[in-house]
Amino acid sequence: MTEAELALLRSLAEVDVVTFMPEGASRAAVARFEATLASLKEMQKAGWIELEVAAAPRTRQRGQTRRGAAARCTEAGREALRLLGG
């Protein structure tokens with residue numbers, strides 16, 4: 001687990017639900033969102049978070065699908081933070 005992923009898990013443990021969306025439509029913004037989503041999926045596989053990913057319908061202008069995600073830390077995630085000293 002990277003420091004960034006650990007920080008993300010800590011932030012999820014502090015609140016009820018966190019919503020994630022791309023910062024914009026640029027390739028860089030979408031790439032950052034996809035990297036965050038990949039980290040969230042790994043945490044979900046470990047049982048540390050509950051994750052829901054949604055896709056909005058494609059727009060007429062660009063034909064792109066806007067994606068979003070919502071995550072919540074589980075008790076197992078909080079326990080992992082305690083064990084990791086977080």
Side-chain angles (χ1 to χ4, degrees):
M1 174 173 259
T2 68
E3 282 297 319
E5 291 169 334
L6 187 56
L8 181 57
L9 185 57
R10 280 189 194 115
S11 68
L12 289 171
E14 293 174 359
V15 295
D16 186 34
V17 174
V18 177
T19 302
F20 298 88
M21 300 279 295
E23 298 164 5
S26 71
R27 287 183 182 166
V30 172
R32 283 190 300 274
F33 172 74
E34 293 296 333
T36 299
L37 191 56
S39 293
L40 290 170
K41 287 180 178 180
E42 289 301 315
M43 289 182 216
Q44 181 185 31
K45 287 178 188 175
W48 295 347
I49 67 167
E50 296 173 355
L51 178 64
E52 183 177 327
V53 180
R58 292 182 180 269
T59 64
R60 286 184 177 185
Q61 296 173 335
R62 292 189 161 175
Q64 293 179 336
T65 302
R66 288 200 43 104
R67 295 177 65 182
R72 171 188 324 238
C73 189
T74 64
E75 189 54 42
R78 288 181 181 85
E79 180 63 22
L81 283 172
R82 283 190 286 274
L83 293 173
L84 292 170

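Numbering starts at 1 and runs along the sequence shown.
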Checking the side chain of Ser39 only, and the main-chain atoms of Glu5 only, is there a donor and an acceptor separated by less than 3.5 Å? no

If hydrophobic clusters are built by linking Ile, Leu, Val, Met, Phe, Trp and Tyr wherever their side-chain heavy atoms come under 4.5 Å apart, do Val15 and Leu12 end up in the same one? yes

Positive for salt bridge (charged side-chain N to carboxylate O under 4.0 Å, His left out) with Arg72, one of Glu50, Glu14, Glu52: Glu50

Heavy atoms only: give me the nearest Gly47-Ala76 pair and the separation to one decimal. O-CB, 3.5 Å

Charged N to carboxylate O below 4.0 Å: is that the case for Glu34 and Lys41? no

Non-hydrogen atoms of Met1 and Leu9 that approach each other most closely: CE-CD2, 4.2 Å

Enter the distance from Trp48:CH2 to Leu8:CG here, rounded to the nearest 0.5 Å. 11.5 Å

Correct closest heavy-atom pair for Gly68 and Met21 would be CA-SD, 3.6 Å

What do you reckon, is CD of Glu3 surrounded by more than 12 foreign heavy atoms closer than 6.0 Å? no

Over all atoms of both residues, closest heavy-atom pair of Leu40 and Ala71: CD2-CB, 4.2 Å

Determine yes or no for a side-chain-to-main-chain donor-acceptor pair under 3.5 angstrom, with Arg78 supplying the side chain and Cys73 the backbone. yes

Nearest-0.5 Å distance that lies between atom OG1 in Thr74 and atom CD in Gln44: 10.0 Å

Do the side chains of Ile49 and Val53 join up, straight or via other hydrophobic residues, at under 4.5 Å, putting them in one cluster? yes

